[in-house]
Amino acid sequence: MFGLTAIIVIVVALLFWSGYHASTPTVSGRKVTDSRGHQVIIPDHPQHFADLWYPIDEVMVMLGASDKITVTVGNKPLLPWLFHMAPNLEKAIAIKGLVPNVETLKAAHIDIAITSSNSPATPIVERSGIPVIEAGFTDTASFQKSISLLAEMVNTDDARKAAQDYTNQLQQVVASVRSKTNSLAVTDRPRVLHIQSLSPLQVDGDKSIINEWITVAGGRNAAEAITGNKKIISSEQLAQWNPDIIILGRSCRDRPKKNGSPLSSVWYDLRAVKEGRVYRNPAGAFAWDRYGLEYPLQLQWAAQLFHPALFPSLDIRQETTNFYKRYLHYTPSHEEVEAILAALPPKDA
């Protein structure tokens, strides 16, 4: 009897063990290190991506993987030029906000979710078992690393080639502009203020990619005393800085009307306003001035704006045409280039 009982116990234990391991998925794939320094196991050949940070869609188009974007935080009203240039993005499931419904990701069979640094979505998606790649960046160096990381994630020869081509071009543009602006004296560098929003009044300070392109292009950030992006300031602070040049981001729809707000009481006394040196920043597939692929275009545009005598042969219109043809596989017409430079949407928006 004892022998029979022992045999039964052993058999049951074996069945339980085999059943448990059969129901536990075997982790397989490749290890990549994301921008956090975390090693993440991802599928060898992922087919379904969730882009949970706004700049990612554009990079994926460049890498030839836009058809694999299954869920995205992007949409046509937000990124009209990108969706105009890459209409297959409209096939993706558009979600609102940076934190998705995990069930939506599971139903879409997402292989990898891509987030920004310290995104609130990262821990939530990770708990669901879906691999998460943080691909955040804050400057040129980390931007290049992020693009290489995404190319490694896509895991095709075309993606790696596109990433290398882009980073090579980025480095060449930065080096070319620096060669003409590095020797400028402080007094020859205009004080530039980048305003992201007029209501509330938000500016971009030090330790940002905006501060980087202002400096490389031969300017001084008038808001260098503050740190970070989209910092709210008072109209009194704006008057105190009194910049030589003001660049308005995409969120600045209309300039202040006279006697229309507290801002207007100082706006028309600013040096940049009086001298007609207030410019709207171009905006294409992504906002040129922020965290997107158009950084080389932004750098050239700003450098020529600040120091036209140093860049007399630079044709920003031709550079714009070449850029979108080369990296987003779309050749804009003359009228479309003019609209992008004026930060206007495409006609079908």
Side-chain angles (χ1 to χ4, degrees), residues 138-140 143 173-174 176-253 255-256 263 266-284 286-292 294-312 314 316 319-320 340-343:
T138 57
D139 53 24
T140 306
F143 184 31
V173 170
V174 172
S176 176
V177 173
R178 280 189 185 277
S179 70
K180 297 182 179 181
T181 62
N182 267 359
S183 61
L184 289 169
V186 172
T187 53
D188 292 330
R189 291 174 173 265
R191 296 175 65 254
V192 180
L193 184 64
H194 184 269
I195 299 179
Q196 175 61 17
S197 167
L198 289 168
S199 182
L201 184 55
Q202 293 179 322
V203 302
D204 294 290
D206 194 13
K207 299 189 185 302
S208 67
I209 207 165
I210 290 86
N211 184 77
E212 186 173 356
W213 60 252
I214 288 175
T215 304
V216 175
R220 287 181 290 157
N221 191 349
E224 62 185 356
I226 61 176
T227 300
N229 294 305
K230 302 181 182 179
K231 298 299 181 180
I232 295 178
I233 65 166
S234 65
S235 56
E236 291 78 15
Q237 179 65 77
L238 176 61
Q240 183 180 348
W241 286 337
N242 196 19
D244 302 307
I245 295 174
I246 292 175
I247 296 177
L248 301 175
R250 186 172 58 180
S251 299
C252 301
R253 301 298 181 189
R255 302 182 190 190
L263 177 58
V266 302
W267 181 263
Y268 293 95
D269 289 328
L270 296 174
R271 181 182 299 109
V273 176
K274 286 182 175 180
E275 296 180 359
R277 304 204 72 186
V278 179
Y279 307 94
R280 187 171 297 279
N281 208 105
F286 202 76
W288 284 22
D289 50 349
R290 305 208 76 81
Y291 295 81
E294 282 95 335
Y295 185 86
L297 288 177
Q298 175 68 18
L299 194 52
Q300 293 175 92
W301 174 81
Q304 189 174 55
L305 183 70
F306 302 166
H307 302 284
L310 294 181
F311 301 91
L314 174 61
I316 194 61
E319 293 292 336
T320 301
I340 289 170
L341 292 172

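Positions are given from 1 along the sequence. These figures come from a predicted structure and were not determined experimentally.
- Glu319 has its side chain within reach of Leu297: a pair of non-hydrogen atoms, C-beta onward, lies under 4.5 Å apart.
- Here the side chains of Ile195 and Leu201 are in contact, with some heavy-atom distance below 4.5 Å.
- Side-chain atoms of Arg280 come within 3.5 Å of backbone atoms of Cys252 as a donor-acceptor pair (strictly under, hydrogens ignored).
- Ion pair Asp244/Arg191 not flagged as a salt bridge, since none of the NZ, NE, NH1 or NH2 atoms sits closer than 4.0 Å to an Asp/Glu carboxylate oxygen.
- The environment of Lys207 atom NZ is sparse: at most 12 non-hydrogen atoms of other residues, nucleotides or ligands sit within 6.0 angstrom.
- Rounding to the nearest 0.5 Å gives a distance of 8.0 Å between NZ of Lys231 and CG of Asn229.
- The OG1 atom of Thr138 sits 11.5 Å away from the CG atom of Asn211 when rounded to the nearest 0.5 Å.
- Using a distance-only test at 3.5 Å, with no hydrogens or angles considered, no donor-acceptor pair links the side chain of Glu294 to the main chain of Gly284.
- The closest side-chain heavy-atom distance from Ile210 to Gln196 is not below 4.5 Å.
- Closest heavy-atom contact between Ile316 and Trp301: CD1-N, 3.9 Å.
- The backbone N or O of Asp289 sits less than 3.5 Å from a side-chain atom of Trp213, completing a donor-acceptor pair.
- With a 4.5 Å cut-off on side-chain heavy atoms, Trp267 and Ile246 count as touching.
- Contact between Gln300 and Val173 at its shortest, heavy atoms only, is CG-CG1, 3.8 Å.
- For the pair Ala217 and Val177, the tightest heavy-atom approach, listed with the atom from each and the gap, is CA-CG1, 4.1 Å.
- When all heavy atoms of Val216 and Arg178 are compared, the pair lying nearest together is CG2-NH2, 3.4 Å.
- Atom OG1 of Thr215 sits about 7.0 Å away from atom CZ of Arg189, to the nearest 0.5 Å.
- Proximity of Ile247 to Leu305: side-chain heavy atoms (C-beta onward) are separated by under 4.5 Å at one or more points.
- Expressed to the nearest 0.5 Å, how far OG of Ser251 lies from CG of Asn281 amounts to 11.5 Å.
- Atoms CD and CZ, from Gln298 and Arg290 in turn, are 10.0 Å apart once rounded to the nearest 0.5 Å.
- The two residues Phe306 and Pro190 make their nearest non-hydrogen contact at CB-CG, 4.1 Å.
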Note to self: Evaluate Glu212 against Phe143 for side-chain contact (heavy atoms from CB on, under 4.5 Å), listing each step before the verdict.
What the structure shows: CA-CA 12 Å; Glu212 186 173 356; Phe143 184 31; over 6 Å; no
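- The shortest distance between side-chain heavy atoms of Leu238 and Leu270 falls below 4.5 Å.
- Atom-to-atom distance recorded for Thr140:OG1 and Leu299:CG is 8.0 Å, nearest 0.5 angstrom.
- Contact between Ala223 and Val203 at its shortest, heavy atoms only, is CB-CG2, 4.1 Å.
- Under the 4.5 Å side-chain criterion, counting only non-hydrogen atoms from C-beta, Glu224 is not in contact with Ile214.
- Taking the side chain as every heavy atom from C-beta outward, Lys230 and Ser197 never approach each other to under 4.5 Å.
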